[in-house]
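These numbers come from the heavy atoms of this one structure, side chains and all, not from hydrogens, waters or symmetry mates. Protein chains get the first letters and strands the later ones, always in sequence-line order, with residue 1 at the start of each. This is a predicted model, so every value here is computed, not measured.
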Amino acid sequence: MSEKQKMIKVFIMGEAYEVPEGSTIVMAMEYAGYQLKKGVGCREGFCGACATVYREKGDYKLQGGLACQTVVTDGMTLAQIPFVPAEKPVYDIKKLKPDIDTIKALFPMVFRCVACNTCTKACPQEIKVMDYVQALKRGDVARAANLSFDCIRCGLCALRCPAEIVQYNAATLAQRLYGRYLVKKSPELEERIVEIGEGKYDQELAELEKMPREELSKRYYAREIKLK
Amino acid sequence: MYPDYMMKSVEMVEKTRPQRLELARKLGKQVFPPMNEKEREDVLNRFHPDYKKESRRKIRVGVNKGEQLTTEVADLLESYSRVDPAIFDLNKADYDTDVLVIGAGSAGMAAAITAGINGSNVLLATKLRLGDSNSMMAQGGIQAADQKNDSPVLHYLDVMGGGHFDNKPDLVRALVNDGPIAIKWLEDLGVMFDKNEDGSMMVKPGGGTCRSRMHSTRDYTGAGICRVLRDEVYNMPDRIKYLEFTSIIELILDDKGQAVGAIAYHLETKQYSIIKARSIIIATGGFGRLHIRGFETTNHYGATADGLVIAYRAGANLMFMDSVQYHPTGAVFPEQILGFLCTEKIRTMGAQPVNMDGDLFVYPLEPRDVEASAFIRECTERKKGITTPANRVGIWLDSPLVDQINGEGAIQKNLPAMLRQFKRFDIDIVKYPMLVFPTLHYQNGGIEIDEKGESGIPGLYVAGEAVGGIHGRNRLMGNSQLDLIVFGRRSGYWASERAKIGVKVGKLTMQHVYDYEKEVSALNIPKKKIAPIILPDYIPDHVKVKQKTTEYFGTLF
């Protein structure tokens, strides 16, 4: 960031710092001198490590966001929440059924949802969190899995939930149930695995493995490209 | 949004778009002729950052002494341990386990799960949280030859050709052979692969593939896999114990040269502990945060090649550590997302790279090193790049074509992460192209292993990006996600088997560290040059200079 850049004031856990305008919260904290160990991860919005709550100047509302994806504004006050002490039930995915009884047994708090929509408002991924919680209440695992798909487990929904639901853990369960039980299996995949087990490709692969470089290169450049 | 002067170039792109769309409808992916062998060689030699003289230098210590390595890697390896090993009593172990797994991305977690299922007790140590890794950030896909018109043989050819035929053949065979099995393993764990209504896999091509074999979970493929593995690790508390914010800073050998333990360091409490293990798996990932050649990176905060350092010190051989993968499409605008990954899937779905005039200049799906070099050529020699207000140069990735080719809503449905990423910074990629330039993406080389995942050091296994040899000097899209699972599972199984058979452990020693440091010291390298570096340092200089008592000696903590 160039030094001529306009500076703005942000309050990191209450303390004022001057940081370059246009910085994300992570950039601002590092500019201020914080050597981050927690509250930082992939830095690209994929890992959910950097949940942050903040309040903008002149606003009473607490907002949530990812520190690596949220640009600071002048007068912003912020605090990071690097960990959420939420409960995670242990289960054996092989022994579950993709139905409402599984949800009842593992995530009974889901049924306490009062449909206040606070979770959806808190989600930095703009996921319809309340909608997938409602789907879980109906035992509609497929809908819950698909609606929650983009969840990165930052935990902001669970932190704001008045019913103490751990939405993101329930989402992970729904996704796994869906992936394992509710999608049709691919016949081609099953067939190919049988072929591999029978050693159908072993000989040709063994030949390629020993093939001199030039010959291999010839075969490579001569291979037909058939793309869908 | 783009400033007005950049919008002028966007208008040129819009002007040529209908013709280019027509071309795509007529010719499919081959809207521009793919390069032949000679053309590839030429563009690589003249424009790939690896081929610049100063990109490589001779390493002066250790097993690979005298070989040319990437300069920043040689700098990292010519370093001292962060502690004097003499301060530890190696006989007093804090942890004793069958299998120690270092690193908790997809490779490490696949290894831990496999070893656990095979009956071993596993200790999984990671310097950040479970799942914090490049694996989690992968977007585009995972390759596997499971389609009717495809075969592991064709996959083998693609991998070898992409790697310029330098790859270790036995590792490539293992990779392509296990591919479909890996996909099934993941689906049984509950990974939500993109599928057609009849259950068949929705597959796309990738750069350098001759068939469509890219499986995906929207454009969160890495996360779609990694979060399931993490959940499974949580579900195996009787088999897998995990330590977070715990960095492994040195390996322990015995007097027979076997890997039998490690020294751990907790980032918060700053305590060191001794771990004894029958087998050890390094799954620490790559080196993107070394910012090689000053490039921005797509990599995770923790990608500092720690495993490479400790394995090298212990005597493991490195392969292809003279090569770096620059992903062709890193974001150039806006500044907040500089270097971020714009997944190759955007191109596999029909987006075309075009220059400032809106002209196509390269086949959109060349292998990554070739594609990246062509982008650099367009911006430098041909001066057809677009300059941002911050003085960075890039070319356009014409994303609106994706919806035009695949139908309205295709981006929303298949590229939600990308759409969201740019929308956060006020750019709608359904309507406007993305400005891109190559970004530091992947460590092609790494530690040499055999097909069981074992390195030259008995008891030391490696999986994931830390491995060298699978991809030669250039990896194709989707083969990293595959190798994480294939070699994660292989190393997990064989490490567990080794522990089961029983290992006769000799006298524990850190002599390898003393010996290595003697070599380093003979080069008059200053004592403060320490590795592993654990995390990168982004504190600005004017602050750094005031941090008088931080323990900054090349490592942060």
Side-chain angles (χ1 to χ4, degrees), chain A residues 1-2 22 24 27 30-33 35 37-38 40-47 49 69 71 88 90-93 125-126 145 149-150 152-153 172 175-180 183-190 192-193 196 201 204-205 208-209 213 216-217 219-221 223-228, chain B residues 28-29 37 128-129 132 136-137 146-149 151-154 156-157 160-161 165 169-170 173 177 180-181 183-184 187-192 195 198-201 205 210-212 218 220 223 227-228 231 234-235 237 245 267-268 300-301 335-336 340 416 421 424 538-540 543 547 556:
Chain A
M1 213 154 282
S2 90
T24 60
M27 289 172 174
E30 286 174 341
Y31 187 88
Q35 292 173 338
K37 287 178 264 188
K38 288 182 173 157
V40 63
C42 73
R43 306 171 75 102
E44 288 185 32
F46 284 83
C47 80
Q69 300 287 302
V71 175
K88 143 79 190 147
V90 167
Y91 47 80
D92 182 347
I93 193 78
Q125 293 284 87
E126 297 172 316
F149 188 86
D150 294 1
I152 53 171
R153 299 173 54 96
T172 303
Q175 291 156 9
R176 293 191 63 185
L177 289 173
Y178 180 79
R180 182 179 166 93
V183 281
K184 276 193 198 147
K185 299 290 164 207
S186 155
E188 297 93 337
L189 175 63
E190 308 287 334
R192 184 56 44 82
I193 288 170
I196 288 170
Y201 303 101
E204 213 175 337
L205 283 173
L208 286 177
E209 218 182 311
R213 194 189 178 99
L216 195 64
S217 170
R219 266 198 70 174
Y220 171 75
Y221 282 101
R223 82 206 191 292
E224 200 183 346
I225 297 179
K226 283 190 198 164
L227 303 178
K228 279 177 196 165
Chain B
K29 305 292 174 201
E37 196 174 357
L128 292 163
R129 309 170 311 161
D132 281 351
M136 191 65 94
M137 306 165 72
D146 61 3
Q147 300 296 298
K148 280 217 170 76
N149 73 348
S151 79
V153 173
L154 289 170
Y156 184 95
L157 283 174
M160 293 298 288
F165 310 101
D170 55 335
R173 179 168 48 80
N177 192 71
I181 301 161
I183 298 289
K184 175 147 176 63
E187 193 172 47
D188 285 347
L189 283 170
V191 171
M192 284 171 61
K195 289 194 153 188
D198 62 356
S200 61
M201 293 284 178
C210 69
R211 293 290 183 278
S212 295
R218 303 187 192 175
Y220 285 102
R227 68 189 178 199
V228 167
D231 194 56
Y234 288 143
N235 285 341
F245 298 96
L267 265 58
E268 292 283 5
H300 194 277
Y301 189 42
E335 283 288 295
Q336 290 95 344
F340 286 19
Q421 181 77 270
R424 277 176 176 141
Y538 296 126
I539 309 291
V543 176
Q547 293 179 328
L556 280 180

How many angstroms lie between atom [atom1] of [X] and atom [atom2] of [Y], to the nearest 0.5 angstrom?
X: A:Cys47; Y: B:Tyr301; atom1: SG; atom2: OH; result: 12.0 Å
X: B:Tyr220; Y: A:Phe46; atom1: OH; atom2: CZ; result: 5.5 Å
X: B:Cys210; Y: A:Ile225; atom1: SG; atom2: CD1; result: 7.0 Å
X: B:Tyr538; Y: A:Arg43; atom1: OH; atom2: CZ; result: 5.5 Å

Checklist line | Polar side chain donor-acceptor pair, B:Arg227 to A:Gln175, under 3.5 angstrom | finding: yes
At their closest point, which heavy atom of [X] faces which heavy atom of [Y], and how far apart are they?
X: A:Arg192; Y: B:Pro180; value: CG-CG, 3.8 Å
X: A:Ala32; Y: B:Val543; value: O-CG1, 4.1 Å
X: B:Asn177; Y: A:Ile196; value: O-CD1, 3.3 Å
X: B:Asn235; Y: A:Val90; value: OD1-CA, 3.4 Å
X: B:Tyr234; Y: A:Lys88; value: CB-CE, 3.6 Å
X: B:Asp188; Y: A:Lys185; value: OD1-NZ, 4.3 Å

Check: Which is it for A:Leu205 and B:Val153 under the side chain to side chain contact (heavy atoms under 4.5 Å, CB included) test, yes or no, and what are the steps along the way?
Finding: CA-CA 6 Å; A:Leu205 283 173; B:Val153 173; 4.3 Å; yes
Note to self: What I want to find out is whether A:Arg176 reaches B:Asp231 closely enough, with some N-O distance under 4.0 Å, to be called a salt bridge.
What the structure shows: yes
Checklist line | Worked check of side chain to side chain contact (heavy atoms under 4.5 Å, CB included) between B:Met160 and A:Ser217 | finding: CA-CA 9 Å; B:Met160 293 298 288; A:Ser217 170; over 6 Å; no
Next item on the list: Identify, with sequence neighbours excluded, every residue that meets side-chain hydrogen bond (donor to acceptor under 3.5 Å, both in side chains) alongside B:Gln421.
Entry: A:Gln69
Close side-chain approach of [X] to [Y], heavy-atom, < 4.5 Å:
X: A:Glu188; Y: B:Met201; result: no
X: A:Leu208; Y: B:Pro169; result: no
X: A:Val71; Y: B:Arg424; result: no

Check: Quick one: of A:Glu126, A:Arg180, A:Glu190, who has the most non-hydrogen atom pairs under 4.5 Å with chain B?
Finding: A:Arg180
Next item on the list: Identify which of A:Pro187, A:Gly45, A:Gly33 forms the greatest number of heavy-atom pairs closer than 4.5 Å to chain B.
Entry: A:Gly33
Check: Does the A:Lys37 side chain pair with the main chain of B:Glu268, one donor and one acceptor, at a distance under 3.5 Å?
Finding: no
Item checked: Test side chain to side chain contact (heavy atoms under 4.5 Å, CB included) applied to B:His300 and A:Val40, step by step -> CA-CA 10 Å; B:His300 194 277; A:Val40 63; over 6 Å; no
Notebook entry, point to check: Mind checking whether B:Phe165 and A:Tyr220 have ring centres under 6.0 Å apart?
Noted result: yes
Notebook entry, point to check: B:Phe245 ring centre to A:Lys38 NZ or CZ under 6.0 Å, with the angle to the axis within 45°?
Noted result: yes
